[in-house]
Amino acid sequence: MPRLSRRFYLRDPVTLARALLGQALVRVLDDGTRLAGRIVETEAYLGEIDRAAHSYGGRRTARNAAMWGPAGHAYVYFIYGLHHCMNVVAEGPGKPTAVLIRALEPLEGLARMRAHRAGRGPARRLRDTDLCSGPAKLAQALQLDRGLDGADLVAGDALFLERGARVAPGRIVVTPRIGVAYAGEWADKPLRFCIGGNPHVS
DNA sequence: ATGACGATTTACT
DNA sequence: GTAAATCGTCATA
C-alpha cells in the first residue's frame, strides 16, 4: 500500500481527524518486525484556542515542541507517569494543532502486539479487541515512546501511515472527547471521531 | 527546590 | 463505580 504524502496532513485538524479513519498506522521495530493497525478512532485538538490542547494559550515547551512543527510528524507524549500517547501533527509549522490516535483495529503483527501488551498483569491471553482499543494501549502494543516524538511520518522508516479503504462519511460517529472534563466548554465540543460499530473502539 | 497535575489503564469493592 | 499506579513536566517561589 502507498504511503500517505505530506499533502495528506496539510489540513485542519478536524478534516484530518476524519480522513485518518480507515488509514493504516505502521510501526517497524528495530529488528524489522512490521506491526500495523487500521485507525478506527481519533480526536482533534485545535491548538491555542482549545483549552483541552497541550498548546492551549500558546503554550510551547520542550514536551509539545512537535505540535508546533510541520504537518505529518508524530507528537508522542508521556502521561500519568506510565503511559504514552501518539498524535499526528496537522497544518503548521506555527499552528500547534494535532490529531490523537485513540484506537486501532490490529492488522499485522498481532502476536508481537500481544507480547508487548502482556508486560504487566497475569499472563492471560488478551483478546484482539484489547490490544489497541485506547491511546495508551496502542502506544504500548506498537512500542511508541518519546524516542519517536517528532518522527517524520512521510520520510521516516520506523513509523508511517499507508493508504487504507475510504470510510464513508455516514459511517463516522462524532462525540465529545474523552478525559478532558477540565476543559470547560471545550470538553463538550464534538471532536472525537469513530468508525460506527467497530468493536476495536475504546 | 517544590508541588500539583494529568488527552489512561487496570484492578478491586 | 471507585481508586491506585507512578513520574515527567511545568508553574511558582
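Because the structure is a prediction, the values reported are computed rather than measured. All chains are named by letter (A, B, ...) in the order of the sequence lines, taking the proteins before the strands, and each is independently numbered beginning at 1.
Counting non-hydrogen atoms under 4.0 angstrom, A:Met86 reaches nothing in the nucleic acid. Counting any heavy atom pair closer than 4.0 Å across all strands shown, A:Ala52 reaches a base atom.
In this structure, A:His54 reaches the B:dA7 phosphate: one of its side-chain N or O atoms is under 4.0 Å from OP1 or OP2. Contact between the side-chain N/O atoms of A:Arg51 and the OP1/OP2 oxygens of B:dA7 is not found at any separation under 4.0 Å. Considering only side-chain N and O atoms, A:Arg59 lies under 4.0 angstrom from the phosphate OP1 or OP2 of C:dA11. The shortest distance between the side-chain N/O atoms of A:Arg63 and the OP1/OP2 oxygens of B:dC5 is not below 4.0 Å.
For the pair A:Gln140 CD and B:dT9 C1', the computed distance is 9 Å after rounding to whole Å. Between the P atom of B:dA7 and the CG atom of A:Leu138 lies a distance of 16 Å, rounded to the nearest Å. Look at CD on A:Glu43: it is 11 Å from P on B:dA7, rounded to the nearest Å. Computed from coordinates, the A:Phe193 CZ to B:dA7 P distance equals 19 Å when rounded to whole Å. Atom NE2 of A:His83 is separated from atom P of B:dA11 by 11 Å (rounded to the nearest Å). Following rounding to the nearest Å, A:Asp188 (CG) and B:dA7 (P) show an atom-to-atom distance of 16 Å. Between the NZ atom of A:Lys137 and the C1' atom of B:dT10 there is a distance of 9 Å, rounded to whole Å. Between A:Asp145 atom CG and C:dC7 atom C1' there is a gap of 15 Å when expressed in whole angstrom units.
A salt bridge links A:Arg192 to A:Glu41: at least one charged side-chain nitrogen sits closer than 4.0 Å to a carboxylate oxygen. Using a cutoff of 4.0 Å between basic side-chain nitrogens and carboxylate oxygens, A:Glu108 and A:Arg34 are scored as salt-bridged.
Across the interface with DNA chain C, nearest-nucleotide mapping of A:Gly81 and A:Asn64 shows A:Gly81 to be the residue nearer the 5′ end.
A donor and an acceptor atom never sit less than 3.5 Å apart when one is taken from the side chain of A:Tyr80 and the other from the base of C:dA5.
Residue A:Arg146 qualifies as enclosed at atom CZ: its count of foreign heavy atoms under 6.0 Å is above 12.
Side-chain contact of A:His73 with A:Tyr9: a donor-acceptor pair under 3.5 Å is absent, judged by distance alone.
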So A:Leu153 and A:Val88, side chain to side chain contact (heavy atoms under 4.5 Å, CB included) or not? Walk me through it.
CA-CA 8 Å; A:Leu153 303 174; A:Val88 173; 4.0 Å; yes
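Taking the side chain as every heavy atom from C-beta outward, A:Glu91 and A:Asp12 approach each other to under 4.5 Å.
Both A:Leu148 and A:Leu35 sit in one connected hydrophobic cluster of ILVMFWY residues. Membership requires side-chain heavy atoms under 4.5 Å apart, directly or through other members.
Nearest nucleotide to the side chain of A:Phe78, out of C:dC7, B:dA7, B:dT9: C:dC7. Comparing B:dA7, B:dT8, B:dT10 against the side chain of A:Arg117 picks out B:dT10 as the nearest. Of all nucleotides listed (B:dT10, B:dT8, C:dT9), C:dT9 comes nearest to the side chain of A:Arg146.
Between A:Tyr45 and B:dA7, a base-stacking contact is recorded: ring centres under 5.5 Å apart, planes less than 30° from parallel.
Between A:Tyr45 and A:His54, the gap from one ring centroid to the other reaches at least 6.0 Å.
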Canonical and wobble pairing (Watson-Crick, G-U, under 3.5 Å) of DNA chain B, dot-bracket with |:
||||||.|||||.
